[in-house]
There are 2 protein chains.
Amino acid sequence: MMTRARKGDRPPTIIDVAREASVGVMTVSRVLNHHPSVKASTRAKVMSAIARVGYVQNDAARMLKGRRSRTIALIVPDLTDFFASCFHAVQEVAMRHDYQTMVVATGRSAALESQQLEAIANHQVAGLILVPSGEDTPRLQHLLDRDIPVVALDRPLAGLNIDAVLVDNREGAETGVRHLIDHGHTRIACVGFEGSSYTARERFEGYKQAMRSAGLRPLVFNQVNTLADMEALIQRWAHAKERPTAVFSVKRLASIRLVQALHRQKLRVPQDIAVVGFDDFELAEELGTPLTVVAQSATEIARAAAEQLFQQITSAPHAEQPARQAVKMIFPTHLIVRRSCGCAGEEAGAVS
Amino acid sequence: MMTRARKGDRPPTIIDVAREASVGVMTVSRVLNHHPSVKASTRAKVMSAIARVGYVQNDAARMLKGRRSRTIALIVPDLTDFFASCFHAVQEVAMRHDYQTMVVATGRSAALESQQLEAIANHQVAGLILVPSGEDTPRLQHLLDRDIPVVALDRPLAGLNIDAVLVDNREGAETGVRHLIDHGHTRIACVGFEGSSYTARERFEGYKQAMRSAGLRPLVFNQVNTLADMEALIQRWAHAKERPTAVFSVKRLASIRLVQALHRQKLRVPQDIAVVGFDDFELAEELGTPLTVVAQSATEIARAAAEQLFQQITSAPHAEQPARQAVKMIFPTHLIVRRSCGCAGEEAGAVS
DNA sequence: TGGCGCAAGTATAACGTTATTCTTTCACAA
DNA sequence: TTGTGAAAGAATAACGTTATACTTGCGCCA
């Protein structure tokens, strides 16, 4: 196998394969593109010739003819923790299909996202998995017009008929907060909501819903971005008449800052204040008091998104079925009860 | 600007630009490829036309003609923490040069690395930044033969004349261990060395060197991969006559496991045992006792690697200078003194 | 045996860019 | 005026693949 180097030292072309198999060039092309009108015996002859000369399709030439390259793109805000796991899952699926993965981190800049979308479109990628930061509908529409499959991950794309794979943020948050309520807490604060991010907003809604349906008043504290902010907030609570007995944090960074701040202010978790956070992280178990969290599986949703993308990619050739309805997949979260919520939980996994 | 859509709805080609600027096709091509024989006024005319019609070069066609695509590849073992930071730095540099970044995570599988190297080569990437897992010299040589610039990151490539950007692991480890020695420790254990990874090996050597030059006997414990292993090890120490008073951990995961294990065994840090780890991480400050670490800057080395790569890429056209000697850049580490080493680190924070 | 249809061959023209080889134009000095 | 050389146009041929429009062979049924 892989004899390589026929003439000169250029990689072998489809012509070399045709000669080797004693067939026409078009027959080889037909085999490569899975045309139905090729006899099995001929296909076998061609495949063996391909293996013998070590032929690989030239993506550049295919792209020039308007075909897609064997590359999918993944656009994420960054590659920390959650999205790094997403990437690994996506790449694993892509490799199984013999595709490359091109990653772009937009740094949460909508402008950069637009610009990169443009570059991606030019790149003739076979498909795109997008964690939307901004909402550049026209630019995305441009991709859709070109029939490039797109799947939204983690956040939906409003107004466009695009497949989406999401986490049930609202329900997850509700479960987390209800867990605190069930343990007798009535003054439960919510931190980390900035209004900017879809996921944070959803979780915030879940929090409010849980509070309201228990007849409790929501206590919302936003604009706590730095550790100093968080410490100041906690100090304010210390002098308040009715200070919160529990806190729900809507995102990982807020959870971390919260834990740090409580630690510095010498407040014990959960005795002085109970904590439940959204999103699990490495070391959540080792922080002074192991943290109870609402966990979501990056691997799970990313894999689902990738599978969905490849389903679109491989079914695309049919063409002209009249505008398929977009699929929405919503994955549940899991409450991981550790010690910060006050109950003696070791590792019980309750589902939403 | 970006008027788009000249004829049909295809993206504009070099021909459209030529027509718009009232010049010949070749003149446009010459402008795009920075040929010296173009008058400044003509260049300006062409550039303005390019902007007006919203032209972008078609990578596929350029690649077909043997030119490289505007994409660089980054091959890493995974995208957790350190390498995620590397990616961000690399991408930032790439974007400044108007290049895309293609990432491949090999999962530390040498076979996968080889396979992906092959795909990369076929992809006509403009350059490659590689964190080598295996040492697939023939496959790499294949890239080098094609004059594709390659820079090794974090680990060197033995036997090949390839630029490398590294961290001074040995010196860093030595500094960390010497810090413990300077504080009076004599029985300092070393954990986390598995023999497989270059960086761990180097740090291990640094540890040994520090111990030897202080006249101390190295205490090495490898094969402690899981938390259970680590706990067992610590229990063994508890019953030993001469138990270590300090531990040096050669890698992040080992540091974390170590801290967890000590915590579970109710050993106080640094009173019962002092700890210094190689590699900083988010939350190192919040773990029961803030951890003293030897820190390396992923951003710094990755940016340097990317800059070096683009220097190669942009200087390549000169051609045929007789085998440039490879550059090796070695970056220093920084000792971040917190509280786990026993001396009064700057950071305030209560012990668990 | 004539016609029908399927598998598969040939030939040719794209796709957008660059390289090559000629011309042409134009300014400027001899 | 004529020669010189630089700037730039025009024409054409690649690069490897695919699409189109044929043609050719072959077996099969009427």
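Keep in mind the model is a prediction, meaning the values are calculated, not measured. Just so we're on the same page: letters track the sequence lines, and every chain starts at 1. Computed over heavy atoms, backbone and side chain alike; hydrogens, waters and symmetry mates excluded.
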Should we count CE of Met47(A) as having more than 12 external heavy atoms under 6.0 Å?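 Atom CE in Met47(A) is not crowded, with 12 or fewer foreign heavy atoms closer than 6.0 Å.
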Can you tell me if the side-chain N/O atoms of Arg67(B) get under 4.0 Å from OP1 or OP2 in dA19(C)?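 Checking Arg67(B) against dA19(C): at least one side-chain N or O falls below 4.0 Å of OP1 or OP2.
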State, yes or no, whether a side-chain contact exists between Leu74(B) and Leu130(B) at a heavy-atom distance under 4.5 Å.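 They are not in side-chain contact.
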Within a strict 4.5 Å, meaning less than it, do heavy atoms of the Val38(B) and Val31(B) side chains meet?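 The answer is yes; the side chains approach within 4.5 Å.
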Rounded off to whole Å, could you give me the CG-to-P distance for the Leu32(A) and dT18(D) pair?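 Roughly 6 Å, once rounded to whole Å.
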Using a cutoff of under 3.5 Å, can you pull out all pairs of nitrogen or oxygen atoms linking the protein to nucleotides 10-17 of chain D, with atom names and distances?
unit_1  : atom_1 : unit_2   : atom_2 : d
dA14(D) : N3     : Lys65(B) : NZ     : 2.9
dT17(D) : OP1    : Tyr55(A) : OH     : 2.3
dT17(D) : OP2    : Ile14(A) : N      : 2.6

I would like to know whether Ser69(A) and His123(B) meet side-chain hydrogen bond (donor to acceptor under 3.5 Å, both in side chains); could you show each step before the answer? CA-CA 10 Å; Ser69(A) 71; His123(B) 227 281; 5.3 Å; no
Verify the distance criterion only: is there a donor paired with an acceptor across the side chains of Thr314(A) and His97(A) at less than 3.5 Å?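 There is no such pair between these side chains.
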